[in-house]
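I have placed the structure first, in the form of structure tokens, so that the comments after it can refer back to it.
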Amino acid sequence: MTDWTEISVFDGLDLSESFVLSWHLGKENLCFEVEFMVCESHPAYNPPPPGEWACYERGKLEFPNVIRVSGLRSMGSVQPAIDANGERDYGHFDTFAEVRSGEFKFAGDFGEVSVVSQNPMVKLGANAT
């Protein structure tokens, strides 16, 4: 089993402090919209604005060529948190690991999910479209 901290696509990101904004399961992929916490070691890092304690960048976590997904709850069945600015999120990734080649298990308010797919991809900012 490989913890997310050892998966290169997350280098310079802190998945445990990132916020899930939405998710969508398509015919061939699973995509999470995420407000990623970006660490100083990441090329997209910028000093946090006044009043903020960390650098955050919106992006996508995509699982391409999905073969199987189990445990993912529908967005309508999950109560989002609403922050002081009125923005909603669905919590953090509480756990995330590659349990065997091509099989990823992770948990959060969205469920305890198992995905069999190609390696996940992270796209930040303008590259996230």
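Index from 1, following the sequence.
- Grouping the Ile, Leu, Val, Met, Phe, Trp and Tyr side chains by contacts below 4.5 angstrom, directly or via other members, places V9 with L30.
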### Task
In sequence, state the C-alpha distance, the side-chain angles, and the governing distance for V34 and L21, and then conclude on side chain to side chain contact (heavy atoms under 4.5 Å, CB included).
CA-CA 5 Å; V34 179; L21 304 176; 5.9 Å; no
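- Screening F32, F10, F104 against F93 for a ring-ring contact (aromatic ring centres under 6.0 Å, His included) leaves a single residue, F32.
- For the atom pair E28 CD and S117 OG, the distance stands at 12.0 Å (nearest 0.5 Å).
- Note on F96: it clusters hydrophobically with V78, by side-chain heavy-atom contacts below 4.5 Å among ILVMFWY residues.
- Taken together through direct or relayed side-chain contacts under 4.5 Å among Ile, Leu, Val, Met, Phe, Trp and Tyr, V66 and V20 form part of one hydrophobic cluster.
- M1 is not listed as a side-chain neighbour of E98, based on a closest heavy-atom distance of 4.5 Å or more.
- Between the OH atom of Y90 and the CD atom of Q79 there is a distance of 8.5 Å, given to the nearest 0.5 Å.
- Contact check for L72 versus W23: side-chain heavy atoms found under the 4.5 Å cut-off.
- Between the side chain of H92 and the backbone N or O of S18, at least one donor-acceptor pair lies under 3.5 Å.
- Looking only at distances, no side-chain donor or acceptor of S77 sits under 3.5 Å from a matching main-chain atom of R73.
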### Task
Start with the C-alpha distance between M75 and S22, add both sets of side-chain angles, then the distance that settles side chain to side chain contact (heavy atoms under 4.5 Å, CB included), and finish with yes or no.
CA-CA 7 Å; M75 280 184 46; S22 67; 3.7 Å; yes
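- Remark: E112 CD is loosely packed, at most 12 non-hydrogen atoms of other residues, nucleotides or ligands lying under 6.0 Å away.
- Remark: E6 engages no residue in a salt bridge (Lys or Arg N to Asp or Glu O under 4.0 Å) (not counting sequence neighbours).
- Put simply, CE on M37 and CD on E57 are 13.5 Å apart, with the number rounded to the nearest 0.5 Å.
- Ion pairing between a basic and an acidic side chain is recognised when a charged N comes within 4.0 Å of a carboxylate O; R88 and E35 show no such pairing.
- For the 3.5 Å distance criterion, the side chains of E103 and S114 qualify, holding a donor opposite an acceptor.
- At distances below 3.5 Å, at least one donor-acceptor pair connects side-chain atoms of H42 with backbone N or O atoms of A44.
- With respect to the salt-bridge test (charged N to carboxylate O, under 4.0 angstrom), the residues E33 and R58 qualify.
- Taking OG1 of T5 as the reference point, atom CG of L15 lies at 10.0 Å (rounded to 0.5 Å).
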### Task
Would you please test F63 and V116 for side chain to side chain contact (heavy atoms under 4.5 Å, CB included) and show each step?
CA-CA 9 Å; F63 296 86; V116 176; over 6 Å; no
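- Going from atom CG of L13 over to atom SG of C55 covers 9.5 Å, rounded to the nearest 0.5 Å.
- Pairing each heavy atom of P64 with each of N119, the nearest pair is CD-O, 3.4 Å.
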### Query
Between F36 and V122, is a side chain to side chain contact (heavy atoms under 4.5 Å, CB included) present by the stated rule, with each step listed?
CA-CA 10 Å; F36 288 100; V122 170; 3.9 Å; yes
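- Ring to ring, W4 and F106 are not that close: their centroids are 6.0 angstrom or more apart.
- How far OG of S16 is from CG of D3: 9.5 Å, rounded to the nearest 0.5 Å.
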